[in-house]
Amino acid sequence: MCSSSLRTILSKSNPVSLLDSAASLAELKQVHAQLLVGGLLDEPRLLGKLVASLALSQSDPGALAYAEQVLSHSRHDPTIFAFNSLIRAYSKSAMPHQGFQFYRRILRSGHLPPDNYTFTFLVRSSAQIPSVEAGAATHGAALRWGFGGDAHVQSGLIHMYAELGMPECFRRVYEEVKDPDLVSQTAMVTACARCGEIDLARQLFDAMPMRDSVAWNAMIAGYEHLGRAREALRLFHLMQLEGMKVNEATMVSVLSACAHMGALDQGRWAHVYIERNRLYMTVTLGTSLIDMYAKCGDMKRAMEVFWTMRERNIYTWSTAMNGLTMNGAGESCLELFRLMQEEGVLPNEITFVSVLRGCSVAGLVEKGCEYFDMMISIYRLEPWLEHYGCMVDLYGRAGRLDDALGFIHAMPIEPHVGAWGALLSACRIYKNTELGEYALKKIVELESRNDGAYVLLSNIYADSKNWDGANNVRELMKAKGVRKEPGCSAIEVGGEVHEFFVGDKSHPRYGEIEVMLGEMARRLRVAGYVAKTNQVLFDIEEEEKEDALCWHSEKLAIAFGLISLQEGVTIRIVKNLRVCHDCHDATKFISKIFNREIVCSPLPLESPPQEEEDSRDANSGRWVQCQKRPKSPSFLVAPLENPMASSSPPPLPPE
DNA sequence: GTAGGGTTAG
């Protein structure tokens, strides 16, 4: 067939629609070949369209590189549209900086001025990197080329400066916006929230003459990111009252808020809401669901969601793996990692944090070492401080304190508080006072006001009944003005989260709670439970110690759960500090005695671990301390004994 | 023919 007749056929079949309908890289390559043979690539518009179709094709990661080749080999100068398409594609990719080489080529061409689109995409790239140098250069160039007043460029700049943590800069940009509209106002709400100015963000939000779903989502997410989960949920409620359309992004923030509060009922409600409103179950939304269930201690449901998802990305796998380790199921986490590898999903640094923690939780030291090596040599990932902390924890928990210390000394980077904290934590478990003192010294050098570290060391002294040592630590804390974070347990009842602090009598139903506490103590005694009082920090009478243990925040929350939740409903507690040994054991007993499933929900295992060491009475000066973390994998304190326990209560509306 | 604001894991 001569090329002229092919050209006729191609022109008749409309090359643009051919490009639009090509779904895969292979099909795009075919169209490319046809255009080439037909001589149609001499047409700048068609060349641009081909480059754009390839660059923005999501089907194949190689398509973008192919787009670049097409552009490089073209006999004619590409249009600005073609260049913009490449910059745009890179701005959305994992290599946003690559877009700048095309900007340089645009300038080198000498006759092709960049336009408003060019700068919009470059601004997005700078925000993605994120780089102050690139950002400032892009902003400067946009001003020089006369696009500083472009609305798209400006809102992009607001977003970019927020990413770079430069509030003065985004404020200045916003001041220069001629007529702030919905988009630039929303960008400001997000920017303020991101830089911690949440109240200012709310003022801006309240003052907006018009608000769409994106604006609402921005405000809700702003609260959520700053840990103000209750306000996020309150705003979500308001959003519904205003008849605003809720979408996937809204629900992702809502689920995140439920996860942070450990509010399983509200999380379940959100799940039902998603299904009833037929919101599209995107990978992101599914992943948020898994995270919510995992952080609320319902790992079974989390895995149900995981297995029913049609698509899973690295976030999905890492979230599930993290949930399993958080819930004490280290071996399951490693099993999931194996499946992930089988499916050809490439792990990243965050995945390996879960893998190493999984090994730590499961006590698999050698395996952990293998994974650490694998991460570097096979996956070519540079270990982060977190990974080193995990390794110290891995050795430490297994009682290999010398190896843990050796590992710290061999670290190629300066050991951080996390690494020393993991060592200190291990010293606590294995009662090594000397090494514990050394670890604390190192921690204090790095961070003089680390309350968790002081508490750990005083607990180590207490283990050996060294009251002088414990006292000294306490005096030292006083002298340095270091205050221990108080233990706080939360329980959700009737869609509302109730918080209890140590020795907290402020709850409206405290009278009933106190009665139940007495009942719990009585039945525990009858059942033969002996409180772990040998570890109590100060030398007080046995009976008093036992009494003091009753006041731990988790016990208060359990008592409240027992009086306020229907029989058969699981009692779920979320705690800020690690559950103490006595409470862990007592909870097992209580679960049996009261025939209740009790789940004490984990917080992510942190390095250094924050350990409970409660004050019975803030003024009495008598401390009751608690012991090492529960042995894995028993974070699910009680087994499912009650068949009613798995039937979920009807979903409740938030608030 | 392209564009600006909101969403996931440690």
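A, B, ... follow the sequence lines: proteins, then strands. Residue 1 opens every chain.
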Considering every strand and a 4.0 Å limit on heavy-atom distances, what is the contact class for [X]: base, sugar-phosphate, or nothing?
{"X": "A:Gly48", "value": "base"}
{"X": "A:Arg124", "value": "sugar-phosphate"}
{"X": "A:Phe121", "value": "base"}
{"X": "A:Ala52", "value": "nothing"}

For the side chain of [X], counting heavy atoms from C-beta on, which of [options] is nearest?
{"X": "A:Glu248", "options": "B:dT7, B:dT2, B:dG4", "result": "B:dT7"}
{"X": "A:Leu182", "options": "B:dT2, B:dG6, B:dG5", "result": "B:dG5"}
{"X": "A:His159", "options": "B:dT8, B:dG5, B:dT7", "result": "B:dG5"}
{"X": "A:Val252", "options": "B:dA9, B:dG5, B:dT7", "result": "B:dT7"}

Interatomic distance where [atom1] belongs to [X] and [atom2] belongs to [N] [whole Å]:
{"X": "A:Ile87", "N": "B:dA3", "atom1": "CD1", "atom2": "P", "result": "14 Å"}
{"X": "A:Met239", "N": "B:dT7", "atom1": "CE", "atom2": "C1'", "result": "12 Å"}
{"X": "A:Leu157", "N": "B:dG4", "atom1": "CG", "atom2": "C1'", "result": "10 Å"}
{"X": "A:Leu235", "N": "B:dG6", "atom1": "CG", "atom2": "C1'", "result": "13 Å"}
{"X": "A:Glu311", "N": "B:dT7", "atom1": "CD", "atom2": "P", "result": "20 Å"}
{"X": "A:Asp181", "N": "B:dA3", "atom1": "CG", "atom2": "C1'", "result": "13 Å"}
{"X": "A:Glu224", "N": "B:dG6", "atom1": "CD", "atom2": "P", "result": "16 Å"}
{"X": "A:Ile80", "N": "B:dA3", "atom1": "CD1", "atom2": "C1'", "result": "13 Å"}

Original post:
Do any pairs count as a salt bridge (charged side-chain N to carboxylate O under 4.0 Å, His left out) and have a residue in residues 320-346 of chain A, sequence neighbours left out, and if so which ones?
Top reply: A:Glu335-A:Arg338, A:Arg338-A:Glu342
Original post:
Distance only, no hydrogens: is a donor on one side chain within 3.5 Å (strictly under) of an acceptor on the other, for A:Thr118 and A:Asn84?
Top reply: yes
Original post:
Between A:Thr351 and A:Ser318, do the side chains contain an N or O donor and an N or O acceptor separated by less than 3.5 Å?
Top reply: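 Judged by distance alone, the side chains do pair up.
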**OP:** Verify the contact: side-chain N or O of A:His225 to OP1 or OP2 of B:dT8, cut-off strictly under 4.0 Å; return yes or no.
**Re:**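 The answer is yes; a side-chain N or O of A:His225 sits under 4.0 Å from OP1 or OP2.
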**OP:** Using the six-membered ring for Trp and the full ring for Phe, Tyr or His, decide whether A:His152 stacks on the six-membered base ring of B:dA3 (centres under 5.5 Å, planes under 30°).
**Re:**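 A stacking contact exists, since A:His152 sits close and nearly parallel to the base ring of B:dA3.
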Original post:
Does anything in residues 203-221 of chain A reach DNA chain B, meaning a heavy atom under 4.0 Å, and if so which residues?
Top reply: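 Heavy-atom cutoff 4.0 Å gives A:Asp212, A:Val214, A:Ala215, A:Asn217, A:Ala218, A:Ala221.
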Original post:
Residues in salt bridge (charged side-chain N to carboxylate O under 4.0 Å, His left out) with A:Glu311, at least two apart?
Top reply: none
Subject >> Residues that A:Arg312 engages under salt bridge (charged side-chain N to carboxylate O under 4.0 Å, His left out), provided they are two or more places apart >> reply: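 By the salt bridge (charged side-chain N to carboxylate O under 4.0 Å, His left out) rule, A:Arg312 matches no residue at all.
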Subject >> For A:Glu386, all residues meeting side chain to side chain donor-acceptor pair (under 3.5 Å), sequence neighbours excluded >> reply: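 A:Glu386 satisfies side chain to side chain donor-acceptor pair (under 3.5 Å) with no residue once adjacent residues are dropped.
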**OP:** Only pairs at least two apart or in different chains count here, so list each ring-ring contact (aromatic ring centres under 6.0 Å, His included) that has a residue in residues 187-222 of chain A.
**Re:** A:Phe205-A:Trp216
What about [X]: does its side chain form a donor-acceptor pair under 3.5 Å with the base of [N]?
{"X": "A:Asn348", "N": "B:dA9", "answer": "yes"}
{"X": "A:Thr319", "N": "B:dA9", "answer": "no"}
{"X": "A:Asn116", "N": "B:dA3", "answer": "yes"}

**OP:** For the pair A:Tyr90 and A:Phe102, name the ring-plane relationship: parallel under 30°, tilted 30 to 60°, perpendicular over 60°.
**Re:** parallel
